[in-house]
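Read through the structure below, which is laid out as structure tokens, and then see the notes.
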Amino acid sequence: MIAYKEFEVVKALLGGEVLTPQEIYDRTRHYVFKNADEVAGLLASLEAKGYVQDGLLTPLAHKEIEPCRVNNAIILAAGGEDITAKSVYSMPKGLFMKNGETLIERQIRQLREAGIEDITVVIAYKQELYFFLQDKWGVNLEINPNLKNNNIYSLYTVRQYLGSTYICNCDNYFEKNPFSSYEYNSFHATVFKEDAHNELVVRKNESGRILEVFSNAESGECIYGHAYVDPAFSARFVRFMESEMDDFRLTKLFWEEFVSLHADDLDMYTREYSPEVVFEFDEIQQIQNIEGLFLGNVSGRINGIICKVLECAEDEISDINVLEKGLSNILFTFVVRGERYIFRYPGDSTAFFIYRKNECVAQRLGAVSHADDTYVYIDEDGNKISKFRENVKDIHGVYYEDVELMKAIARKIRAFHDAGRGMEGWEEYDYDPIYQTERLFKEASKMKGDLFKVFEKEWAMMRRLQRYADMDGVEHTMCHNDINIDNVLLTDDTLDIIDWEFAGYNDPGYDFGRVIAGLEYDVDEPKILDILEAYFGRPATETEHLHWMAYSAIHNWYYVGWALYKESIGESSRDWMLFFFKQSKKLAEWCMPRYQAKYGEID
């Protein structure tokens, strides 16, 4: 068997060209050879052995390297353990496109160009969107049956296919084709990163053999991109998986971490690439690292929407900046003709509790009433363009505390409510908070058990409280339903209430859940009366004060249901659930005896 460096020279000559030592050196990873002179010496050795003649490979050379032929490839596209981060994507990451070609299809094409026809794709998350690959490319599709397990379980699922095999990830993009018909020994692609805190880093010996894979390093050579495993490696790897996969702790590992546990018995080497050659993204912000990839993928319609609404050409869209994802949506800013805008692309998990038709009507009323002057465009699919406010103030520690700010917000709310009152066809947008909360509790109960039983006492109180409050006879109108610190934009010159996703035609008191009911306020805080006076344009009556507090309690109860639903689908609600629970209880317990005194006992 020829030596490794001789093999690399042979590989360089597989294309059938006569190459000089310098050309071979330039086309090969430079760290393989010291210089072109070393390549010249290897060529002379190969000629002496009968593997090269007149600069071309002989039949003997092809026979010699045949045991190194790559037989197949496995592409991991199951989604892994982190389903939370992916729930905001409109499609699996492997189906994002660049230049009209999906990431996974680009890899399949590059593998085919290298002569690798036998390709297995392991799928799970939104698996149906990958089914077309079977007919279009003739790949074999296999299902990872457990979404909560990491990609070691994907390999375990298809362990029968491991032999002389490339292992690829669907979220990789290779600027140049990294695959070959032949490989000498097992390796994993790596990229050196100065900031490696969120990466798996290798520790290796002088020959490049991986001794350990670990995390939380400040910098280092990171596991990145594809890998190749030879038949001997695969046989041992499969044996270890079959004997240990019943250990639930192992199913949470990346497959490279599992290899690290057996580094003494599994020979794998590094193959370092430039960061300009291998791209990988785990978060949507990283999509920006690949030129031209973002806008064409989050939605195929985004470019078209921007160009139509702003009457611009695609090449006028610039300076795209993907923001940290919110609890429901993907947001990114962009510039057209010197003005910055923000595009909101809806997340998957919003569909259950957001009525986009309601949002469109409310958003336009918000613009007409000047409650929101950022509005540019919205459609019923949830796509939205707004003016981007520069120099927005951080109002943490100010919201609730600054009564003048809260009064200004109240006046904005009143202008919006006035615009929506008596709206024609309001029945289509009718929104009953208690009914909506019940929907959330029912859905969350599918995963969390009978939540109506868990919160039986609170539910009885909230239903009675709504019946009491509705006896006040307050006229309904279009409401925002989610006015909070994150949905108020304040600059030196502007104040806007944004994000109308939860809007509906209901009781106006519901809009004050997080305007007059902050943790900083006692239930009978005089500041509440000041804010209500700004809303009404006069001092609130005792009935109005009580009514607005009651619907603030109901507002917070809805968001207990919202948090429970979020948790039931595997998305974090942070510490909001407890916040809303405490608020709703505090407010309801203040209102109930006052309503009982006003209207008497009701069932």
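Remember, predicted model here, so these are calculated numbers, not experimental data. In this chain, residues are counted from 1 in sequence order.
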Point to revise | Separation between CD1 of I223 and CG of N169, rounded to the nearest 0.5 Å | key: 10.5 Å
Practice item. Taking all heavy atoms of Y130 and all of I104, pick out the closest pair and write down the distance. Key: CE2-CD1, 3.8 Å
Check your understanding: Is it the case that more than 12 heavy atoms not belonging to E427 sit under 6.0 Å from its CD atom?
Key -> yes
Check your understanding: Does the pair E194 and S219 meet the rule for a side-chain hydrogen bond (donor to acceptor under 3.5 Å, both in side chains), with working shown?
Key -> CA-CA 5 Å; E194 291 291 346; S219 63; 4.6 Å; no
Study note, to complete from the structure: Of all heavy-atom pairs linking P433 and Y558, the shortest is O-CD1, 4.1 Å
Check your understanding: With sequence neighbours left out, what residues match H188 under ring pair (Phe, Tyr, Trp, His ring centres under 6.0 Å)?
Key -> W255
**Study point:** Aromatic centroids of Y429 and H476 separated by under 6.0 Å
**Key:** no
Check your understanding: Under the criterion side chain to side chain contact (heavy atoms under 4.5 Å, CB included), which of I167, V122, V121, N144 is the partner of V158?
Key -> V122
Check your understanding: Should the ring pair F334 and F343 be called parallel, tilted or perpendicular, given that the plane angle runs from 0 to 90° and is split at 30 and 60?
Key -> tilted
Check your understanding: Does E113 pair with R109 as a salt bridge, N-O distance under 4.0 Å?
Key -> yes
Point to revise | Evaluation steps, ring-ring contact (aromatic ring centres under 6.0 Å, His included), between Y565 and W562 | key: CA-CA 5 Å; Y565 170 74; W562 170 86; 9.1 Å; no
Review point. Should the pair K252-E257 be classified as a salt bridge under the 4.0 Å nitrogen-to-oxygen rule?
Key: no
Point to revise | Set of side chain to side chain donor-acceptor pair (under 3.5 Å) partners for S215, sequence neighbours left out | key: none
Practice item. Taking atom CZ of F192 as the centre, report whether more than 12 heavy atoms of other residues, nucleotides or ligands fall under 6.0 Å from it. Key: yes
Point to revise | E142: partners by salt bridge (charged side-chain N to carboxylate O under 4.0 Å, His left out), with sequence neighbours left out | key: none
Review point. Looking at A415 and S369, what are the two nearest heavy atoms and their distance?
Key: O-CB, 3.5 Å
Review point. Do F174 and V278 come close enough that some side-chain heavy atom pair is under 4.5 Å?
Key: yes
Exercise for review: Before giving the answer on side chain to side chain contact (heavy atoms under 4.5 Å, CB included), spell out for I378 and N383 the whole-Å C-alpha distance, their side-chain angles and the decisive distance to 0.1 Å.
Suggested key: CA-CA 6 Å; I378 193 169; N383 300 296; over 6 Å; no
Check your understanding: Out of curiosity, H226 NE2 to I75 CD1, how far, rounded to the nearest 0.5 Å?
Key -> 12.0 Å
Check your understanding: Is R364 salt-bridged to E359, going by a charged N under 4.0 Å from an acidic O?
Key -> no
Practice item. Look at the rings of H555 and Y559 and say which category their plane angle falls in: under 30° parallel, 30 to 60° tilted, over 60° perpendicular. Key: tilted
Review point. Any side-chain heavy atom of Y228 sitting closer than 4.5 Å to one from T165?
Key: no
Revision key, fill the gap. Contacts of K308 meeting side chain to side chain donor-acceptor pair (under 3.5 Å) (sequence neighbours excluded), chain-then-number -> none
Exercise for review: Determine whether the aromatic ring centres of F512 and H480 lie less than 6.0 Å apart.
Suggested key: no
Point to revise | CZ-CG distance between R112 and D118, expressed to the nearest 0.5 angstrom | key: 9.0 Å
Check your understanding: Hey, does F579 have a side-chain heavy atom less than 4.5 Å from the side chain of D575?
Key -> no
Point to revise | Flag for E276-S274: side-chain donor and acceptor within less than 3.5 Å | key: yes
Point to revise | Set of side chain to side chain donor-acceptor pair (under 3.5 Å) partners for S386, sequence neighbours left out | key: none
Under 3.5 Å, which donor-acceptor pairs do the side chains of residues 312-320 form with other protein atoms, sequence neighbours left out?
| from | atom 1 | to | atom 2 | distance (Å) |
| --- | --- | --- | --- | --- |
| E316 | OE1 | A313 | N | 2.7 |
| E316 | OE2 | R337 | NH1 | 3.4 |
| D319 | OD2 | R340 | NH2 | 2.2 |

Point to revise | Which residues share a salt bridge (charged side-chain N to carboxylate O under 4.0 Å, His left out) with D482, sequence neighbours left out | key: R514
Review point. Taking atom types as modelled and ignoring hydrogens, do the side chains of N391 and T491 form a donor-acceptor contact shorter than 3.5 angstrom?
Key: no
**Study point:** side chain to side chain donor-acceptor pair (under 3.5 Å) partners of Y166, counting only residues at least two apart
**Key:** E183
**Study point:** Between D373 and Y375, a side-chain donor and acceptor under 3.5 Å
**Key:** no
Point to revise | Partners meeting ring pair (Phe, Tyr, Trp, His ring centres under 6.0 Å) with H417 (sequence neighbours left out) | key: Y535
Practice item. Find the distance between CD1 (I302) and CD1 (I305) and round it off to the nearest 0.5 Å. Key: 7.0 Å
Check your understanding: Using 4.0 Å as the upper bound for N to carboxylate O, is an ion pair formed by K393 and D492?
Key -> yes
Check your understanding: For the side-chain hydrogen bond (donor to acceptor under 3.5 Å, both in side chains) test, which of N481, D432, D430 pairs with N506?
Key -> N481
Exercise for review: Using salt bridge (charged side-chain N to carboxylate O under 4.0 Å, His left out) as the criterion, list what pairs up with K446, not counting sequence neighbours.
Suggested key: E443
Check your understanding: So, do Y431 and Y505 have ring centers that fall under 6.0 Å from each other?
Key -> no
Study note, to complete from the structure: What one should report as the nearest heavy-atom pair of Y173 and E175 is CE2-OE1, 3.5 Å
Revision key, fill the gap. Hits for salt bridge (charged side-chain N to carboxylate O under 4.0 Å, His left out) against E23, two or more places apart or cross-chain, chain-then-number order -> none
Exercise for review: For the residue pair E221 and T190, confirm or rule out a side-chain donor-acceptor distance under 3.5 Å.
Suggested key: yes
Review point. Is it true that the side chains of W500 and N358 contain a donor and an acceptor less than 3.5 Å apart?
Key: no
Point to revise | Test log, rule side-chain hydrogen bond (donor to acceptor under 3.5 Å, both in side chains), inputs T374 and D496 | key: CA-CA 7 Å; T374 68; D496 298 285; 5.3 Å; no
Point to revise | Shortest non-hydrogen contact from S568 toward M447 | key: O-CG, 3.5 Å
Review point. Can a donor-acceptor pair be found between the side chains of Y355 and Q436 at a distance below 3.5 Å?
Key: yes
Practice item. Could you pull out all residues at least two apart from F388 that satisfy ring pair (Phe, Tyr, Trp, His ring centres under 6.0 Å)? Key: none
Exercise for review: Could you pull out the closest heavy-atom pair between A408 and L495, with the gap in Å?
Suggested key: CB-CD2, 3.7 Å
**Study point:** Between SG on residue C479 and CZ on residue R421, distance to nearest 0.5 Å
**Key:** 8.5 Å
**Study point:** side chain to side chain contact (heavy atoms under 4.5 Å, CB included) between D195 and E218, intermediate numbers included
**Key:** CA-CA 6 Å; D195 181 3; E218 290 187 6; over 6 Å; no
Check your understanding: Under 4.0 Å between a Lys/Arg side-chain N and an Asp/Glu carboxylate O for E339 and K387?
Key -> no
Exercise for review: Would you give the length of the straight line joining atom CD of Q363 to atom CG of D499, rounded to the nearest 0.5 angstrom?
Suggested key: 8.5 Å
